[in-house]
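What's counted below: heavy atoms across the whole structure, side chains too, no hydrogens, waters or symmetry copies.
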Amino acid sequence: MRSKDELIKALGALHGTPNAATWEEAKAEFTVSCLNDIVNSMSELNKTIQDNSKSNDAIANKVFWLNIVIAAATVVGSIATAVIAFSG
């Protein structure tokens with residue numbers, strides 16, 4: 001398959017020629033090339049999103065357990081503060 005630059009040059013050379021079939025064929029080749037680039041980009045984006053999703057799940061799990069530890073520490077600190085406040 002030709003590069004985008006080659007396809008654009010071919011389209012420019014064909015523009016205004018009486019052979020409409022050759023012009024349409026070159027346009028179709030350029031369109032297919034562009035669509036292939038879009039599909040490849042979307043596939044890469046999908047993979048990146050899936051990788052980020054897995055990473056986010058791991059971080060969310062760690063944050064959940066960190067919140068549990070902080071809540072437990074808060075309860076222990078509150079109980080210790082109450083014991084000190086009411087024992088004196």
Check: Do Asn61 and Trp65 touch side chain to side chain, with heavy atoms closer than 4.5 Å?
Finding: yes
Notebook entry, point to check: With ILVMFWY side chains joined below 4.5 Å, transitively, what does Ile70's cluster contain besides itself?
Noted result: Leu66
Checklist line | Inter-residue atom distance Lys54.NZ - Asn52.CG, 0.5 Å rounding | finding: 11.0 Å
Note to self: Check Glu44 with Lys47, please: is the shortest side-chain N to carboxylate O separation under 4.0 Å?
What the structure shows: no
Note to self: What's the separation between atom OG1 in Thr74 and atom CG in Asn67, rounded to the nearest 0.5 Å?
What the structure shows: 10.0 Å
Margin query: Quick one: does any side-chain atom of Asn40 pair with a main-chain N or O of Asn36 as donor and acceptor, under 3.5 Å?
Written below: yes
Margin query: Quick check: is Val83 connected to Val75 through a chain of hydrophobic side chains (ILVMFWY, heavy atoms under 4.5 Å apart)?
Written below: yes
Checklist line | Ser55 side chain near Asp51 side chain, heavy-atom distance below 4.5 Å | finding: no
Note to self: If I take atom CE from residue Met42 and atom CG from residue Asp37, how far apart are they, to the nearest 0.5 angstrom?
What the structure shows: 13.5 Å
Notebook entry, point to check: Got a donor-acceptor contact below 3.5 angstrom from the Ser33 side chain to the Glu29 backbone?
Noted result: no
Checklist line | Greater than 12 external heavy atoms within 6.0 Å of Glu24's CD | finding: yes
